[in-house]
Amino acid sequence: MNVAIVWFRGLLRLHDNPVLNWASSNDEIDSIVPIFIIEESDDVGGRPLLGDNRMRFLYESIVDLDKGLREQYDSTILVFSGDPRHVIASIVHCLDSDVKVLLTDYRSEPKMRVGITEIENLLKPSGVETMVFPAASTILDIEEVIGSETYKNPKSSRDIDAIMREYLDEGPDGYLVGEPLSKPVEVRSDSRTLEILTGHTGPSDYYIEMDEVRRRASENGGQSYFPGGESEALERLRCKVIDVPDFVNTFSKPDTFSTNENQNPLEPTTTGLSPYISTGCLSVRLVWTEVARANLNSEHTKPPQSLLGQLMFREMFYLLSRSVENWDDDIDNSNCKRIEWGSYDEALMTAWESGMTGYPYIDAMMRQLDTTGWMHHLGRHAVSCFLTRGQLWQNWKHGRDVFERKLIDSDWALNNGNWLWLAGVAPFSMPYYRVYNPCPDSRSSLNVETRDAAFIRHWVPELSTFPSRYIFEPHLAPIEIQRSSKCIIGEDYPEPIVNRNEARKRNMALFKESLENHVD
DNA sequence: GGATCCGTTGTAGCT
DNA sequence: AAGCTACAACGGATC
């Protein structure tokens, strides 16, 4: 019996899955054992790594994957919880000498790279080969690109464009990223092999039954607008990209809004595909292909603001996160300027995280994040600038941690990259003195109903009857208006936590001072 | 080698 | 109402 363990890590899908395809098309493999390993808690202990929405999304994605494997292939996925080294060693041990190969997809995070090398070395003595499939969750082969002698860290859209041009052929619209793989024809999973692993003699310390995974998926909120899983991902790709070429061809990221007019306020103005891409429920290559198809023979926006531009920046951050040492830190990171941030301020951090800063636009965004696990990109700009160089002068790493725990599309490379950018500390950042206005809609002063005002009313119900003219800065409303809107500032909704203009000016000066103090 | 240009998405105030 | 200007002023690449 030749067993292949297919370890699902960054690809929670059946389509465009080179790992599963390799295993299913290899005649020497008699039995495929699909597995997923959940690491539930931090090494340090303390608070859970993933917030409720992230956990729920993950469990739903696994349930969907299992459903696909059962219905289409009469297979299943086995879920384990624990340290992957221990789990995999235990599986190999239980199956005696049958396991021939461990297959998985490439992951670029330092922790994962170290982990897979350790596992490879661990399995070698037992004659088990480890195969890692590159370029599965990115378009470029990250190791190949950064290993090239000519590689230089990209820091603009031009740079990443040049890199992609070097590795990919140009098609009629954008680069040719290769045809996404179809689903495997068959997945041979020998039932005895699976029974050994799910029975009492198997690695029962780690095994979690699918019923338990289902229970956890429904237990963790179910609040969110985004259900996890490949089925949902493909459906969303269809209705937000394939069926709406006009939307794709006119897409311009900076011009999108926090919310839709006359639509479900939970439906993003962007594609909302990010949670599916970050978990690997959806192939980024498939998204690229479908966007390029919509672009074909039609006028369309171009990178960097177009949809393909967004995917190109994703590649850029993946490259940087792999080539820049200490990508997730503010010291010994060549892409992070040394800034003397204020010390951790629990009151400020709590107000920010819980959406109680007294700035409705910021608070609406943070409450949306907490409830649904998602936030519009421009909102992420606003709240992260507000927390760091804009108003609160807190280290970007504190905000990064909150995003990492709560965002269902959290991605180590992208999350750190975006915080570096927005805190103004990276070589690819905007100049530090370009500070986002936390009360951004100037039209509101004309008492015009705006999309952002509708967004605030939805997420900050205290202000639901506040007139548009004052809704971005309700503390400026005369007391009669506060009374008639049934929202007294300082009682029903907080006073602003800081004076935004004073804080901005002070922080700009502090930022400049830090730059002068730390000239290399 | 100093000047100039440029950077995915700024703000405020004016017409 | 889109488009202009002034603001404040980084840092690397290019010429």
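Proteins get letters first, then strands, A, B, ... in listed order; numbering begins at 1 in each.
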Q | Pairs satisfying side-chain hydrogen bond (donor to acceptor under 3.5 Å, both in side chains), at least one member in residues 276-287 of chain A, at least two apart | A | Asp16(A)-Ser283(A)

(Q) What's the gap between dG1(B) and dA13(C) when it is taken at their C1' atoms, as a whole Å value? (A) 14 Å

(Q) What stems show up for DNA chain C when you take Watson-Crick pairs (N1-N3 plus N6-O4 or O6-N4) and G-U wobbles (N1-O2, O6-N3), both under 3.5 Å, and require three or more consecutive pairs? (A) B:2-7 with C:10-15, B:10-15 with C:2-7

Q. OP1 or OP2 of dC6(B) sitting under 4.0 Å from any side-chain N/O of Ser156(A)?
A. no

Q: Apply salt bridge (Lys or Arg N to Asp or Glu O under 4.0 Å) to Asp161(A) and list each qualifying residue two or more places apart in sequence or on a separate chain.
A: Arg165(A)

**Q.** Between dG10(B) (P) and Asn507(A) (CG): distance, integer Å
**A.** 19 Å

**Q.** Contacts of Ser148(A) that satisfy side chain to side chain donor-acceptor pair (under 3.5 Å) - sequence neighbours left out
**A.** Thr150(A)

Q: Write out all pairs satisfying salt bridge (Lys or Arg N to Asp or Glu O under 4.0 Å) with one or both partners inside residues 312-334 of chain A, taking only residues at least two apart or from two chains.
A: Glu143(A)-Arg322(A), Asp329(A)-Lys397(A), Asp330(A)-Lys397(A)

Q) For Tyr361(A) and dG10(B), what is the distance between atoms OH and C1' respectively, to the nearest whole Å? A) 13 Å

Q. P atom, dC7(C) versus dG7(B): distance in rounded Å?
A. 23 Å

(Q) Under the rule for side chain to side chain donor-acceptor pair (under 3.5 Å), what residues qualify as partners of Thr104(A), not counting sequence neighbours? (A) Arg9(A)

**Q.** Arg158(A) CZ - dT8(B) C1' separation (whole Å)
**A.** 13 Å

Protein-nucleotides 12-15 of chain B N/O pairs under 3.5 Å:
residue	atom	partner	partner atom	Å
dA12(B)	OP2	Asn437(A)	ND2	2.7

Q | For atom CG of Asp161(A) and atom P of dG7(B), their distance in whole Å | A | 13 Å

Q. Using atom P of each nucleotide, how far apart are dA6(C) and dT8(B) to the nearest Å?
A. 25 Å

Q: Kindly write out the residues that satisfy salt bridge (Lys or Arg N to Asp or Glu O under 4.0 Å) with Glu232(A), not counting sequence neighbours, or none if the list is empty.
A: none

**Q.** Protein proximity profile, nucleotides 8-15 of chain C - base contact B, sugar-phosphate-only contact S, no contact -, cut-off 4.0 Å on heavy atoms
**A.** BBBSS---

Q) Roughly, in whole Å, what's the span from CZ in Arg389(A) to C1' in dT11(B)? A) 12 Å

Q | Atom-to-atom span, NZ of Lys505(A) to P of dT11(B) - whole angstrom | A | 15 Å

Q) Do Glu290(A) and Arg293(A) sit within salt-bridge range, that is, some charged N less than 4.0 Å from a carboxylate O? A) yes

Q: Answer yes or no: is there a side-chain heavy-atom contact under 4.5 Å between Arg56(A) and Tyr59(A)?
A: no

Q: List in chain and number order the residues that pass side chain to side chain donor-acceptor pair (under 3.5 Å) with Asn335(A), two or more places apart in sequence or in another chain; answer none if no residue qualifies.
A: none

Q. Residues in salt bridge (Lys or Arg N to Asp or Glu O under 4.0 Å) with Arg434(A), at least two apart?
A. none

Q.
Under the rule for salt bridge (Lys or Arg N to Asp or Glu O under 4.0 Å), what residues qualify as partners of Arg338(A), not counting sequence neighbours?
A. none

Q: Kindly confirm or rule out a cation-pi arrangement of Lys240(A) over Phe247(A), judged by NZ or CZ under 6.0 Å from the six-membered ring centre and within 45° of its axis?
A: yes

Q. Quick one: Leu420(A) CG to dT8(B) P, roughly how many Å, whole number?
A. 15 Å

Q: Take the protein atom CZ of Phe313(A) and the nucleotide atom P of dT8(B), then report the distance between them rounded to whole Å.
A: 5 Å

